[in-house]
Amino acid sequence: MGPRSKIIGTGSFVPEKVLTNKDLESMIDTSDEWISTRTGIKERHIASEGENNSDLAILASKRALEMAEIDGKDLDLIIVGTLTPDMPMPSVACLVQCALGATKAGAMDVSATCSGFLYSLSIADKFVRSNPQMKILVIGSEVLSRRVNWQDRTTCVLFGDGAGAAVVTGGDEKGGIISTHLHADGSVWELLTIRGLGTKYPVDEEILSKGWQYIEMQGRDVFKHAVRALESVTNEALTAAGWEKPELDLLIAHQANIRILEYLRERLELPRDKVFINIHKYGNTSAASVPIALDEANRSGRLKKGDKVLMISFGGGFTWAGVTMEW
Ligand code: UT7
């Protein structure tokens, strides 16, 4: 086995503005009680006017680079998982590349919805395994607040804005990323979609009046697919890493619903402290959720050298992914 890739720095950033469940009570027909018990969310951060995806991505990246003790100019590649770029062109990654002075880096966005960070991390892992000298910045960043219908209580209470980043480079044969697992099922895409403002339904009065610029979700169906897919990729990843369930030190799962996390915890027979939870503070931040959680786990000392960590995600498409690593 050749050298593995490893994460040498993490960072995250969320906008200052906080929207609580209480605030939502005065905007739509909902309650703190409903949102808390059905989702686990208490509040979320929302980008202010003029604050864009790349702004969050750049701030999260600077924190990750600082921890990794490397400069933007040392980066070879920047990959951003996102479904809410500033613009269709250029990519968020190019805006980050410019802001960081990453003059020798390639830059691209990866469209894999909530799995965007783990898809991007998997790509970075393959590059680094073939050239361990490479330094790759992997980001998950979203401004979902501009793509939710604030009149639709079934979706608007769920999402938040934020960004997380990780610097990946070659490690030794012990530790680092062990296995990556990517999956997709496009047959049921309509269960979770933003159907408008692409080439199929370009911007016009009719599309806007239908609200097709916003997220649509069949929540109950998505929930069923999510638990099934997350459990399946978990088993696949544990087998690939050669780990038994009790050996796992930390599960960092996409923060979409506390009930999904609780279901996984029970199936894996894990104690509460082995499942990372921050959904109460941020809601569902799509591609940003796993890297924000990773950064919080790292900075709070929750991750110890040698810990066996499983990261998993699930989102629109559908896409789902798993990554095992030794910290
Ligand atoms: O990130 C990608 C992956 N996403 C997910 O994994 C999300 C998966 N889905 C979910 O997390 C859950 O399905 C939701 C949190 C979205 C919804 O929870 P649920 O327990 O599945 O609720 P429901 O959709 O079955 O709705 C139950 C009731 C309905 O009323 P009736 O028809 O029973 O009278 C809804 O109209 O709750 C009502 N409701 C609300 N009530 C107060 C829906 N949204 C709200 C709300 N406030 N915000």
Side-chain angles (χ1 to χ4, degrees), residues 19-44 81-84 111-119 140-145 147-162 164 183-186 188-195 214-234 251-265 267 275 277-280 282-293 311-322:
L19 185 70
T20 65
N21 291 350
K22 283 274 166 220
D23 296 331
L24 283 163
E25 283 180 353
S26 63
M27 294 162 59
I28 44 165
D29 179 17
T30 192
S31 65
D32 174 37
E33 203 266 328
W34 191 96
I35 303 170
S36 301
T37 54
R38 297 284 177 132
T39 72
I41 302 165
K42 296 299 277 183
E43 58 188 38
R44 68 288 289 142
T82 189
L83 69 102
T84 51
S111 174
T113 65
C114 306
S115 307
F117 176 77
L118 292 184
Y119 265 59
S141 183
E142 304 281 13
V143 179
L144 286 158
S145 60
R147 287 302 199 129
V148 300
N149 179 349
W150 289 101
Q151 253 85 65
D152 175 10
R153 69 174 185 169
T154 68
T155 51
C156 77
V157 303
L158 304 173
F159 298 99
D161 302 334
H183 295 284
D185 178 5
V188 276
W189 66 268
E190 281 187 287
L191 296 176
L192 179 49
T193 179
I194 303 174
R195 57 183 89 223
Y214 299 127
I215 293 177
E216 293 170 45
M217 179 164 75
Q218 306 302 320
R220 230 177 282 184
D221 290 330
V222 174
F223 192 101
K224 286 182 204 150
H225 282 272
V227 290
R228 223 178 293 142
L230 289 169
E231 190 177 353
S232 152
V233 79
T234 292
L251 175 70
I252 299 181
H254 172 46
Q255 308 280 306
N257 190 314
I258 191 89
R259 290 182 290 140
I260 296 178
L261 300 174
E262 188 52 31
Y263 172 87
L264 291 168
R265 191 185 72 74
R267 299 291 294 180
V275 178
I277 293 172
N278 64 7
I279 190 173
H280 51 290
Y282 306 121
N284 179 345
T285 58
S286 183
S289 107
V290 168
I292 291 174
M311 297 185 282
I312 52 174
S313 60
F314 177 88
F318 290 132
T319 63
W320 62 103

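None of the values given here were measured: they were computed from a predicted structure. Quick note: numbers below take in every heavy atom, side chains included, and nothing from hydrogens, waters or symmetry partners. Atoms within a ligand are numbered from 1 in the order they appear, just like the ligands themselves.
Contacts of ligand 1 (protein heavy-atom distance under 4.0 Å) are Asp29, Thr30, Trp34, Arg38, Thr39, Cys114, Arg153, Thr154, Val157, Leu158, Leu192, Met217, Gly219, Arg220, Val222, Phe223, Ala226, His254, Ala256, Asn257, Arg259, Ile260, Asn284, Phe314, Gly315.
Using a 4.5 Å heavy-atom threshold, the side chains of Gln255 and Leu261 count as touching.
For the ring-ring contact (aromatic ring centres under 6.0 Å, His included) test, no residue two or more places apart in sequence or in another chain qualifies with Tyr214.
Under 3.5 Å, the side chains of Thr285 and Glu142 contain no donor-acceptor pair of N or O atoms. Side chains of Ser36 and Lys42: a donor on one and an acceptor on the other come within 3.5 Å.
Salt-bridge annotation for Arg195 and Glu190: present, with a side-chain N of the basic residue lying under 4.0 Å from a carboxylate O of the acidic one.
Classification of the Trp320-His183 ring pair by plane angle, with boundaries at 30° and 60°, yields parallel.
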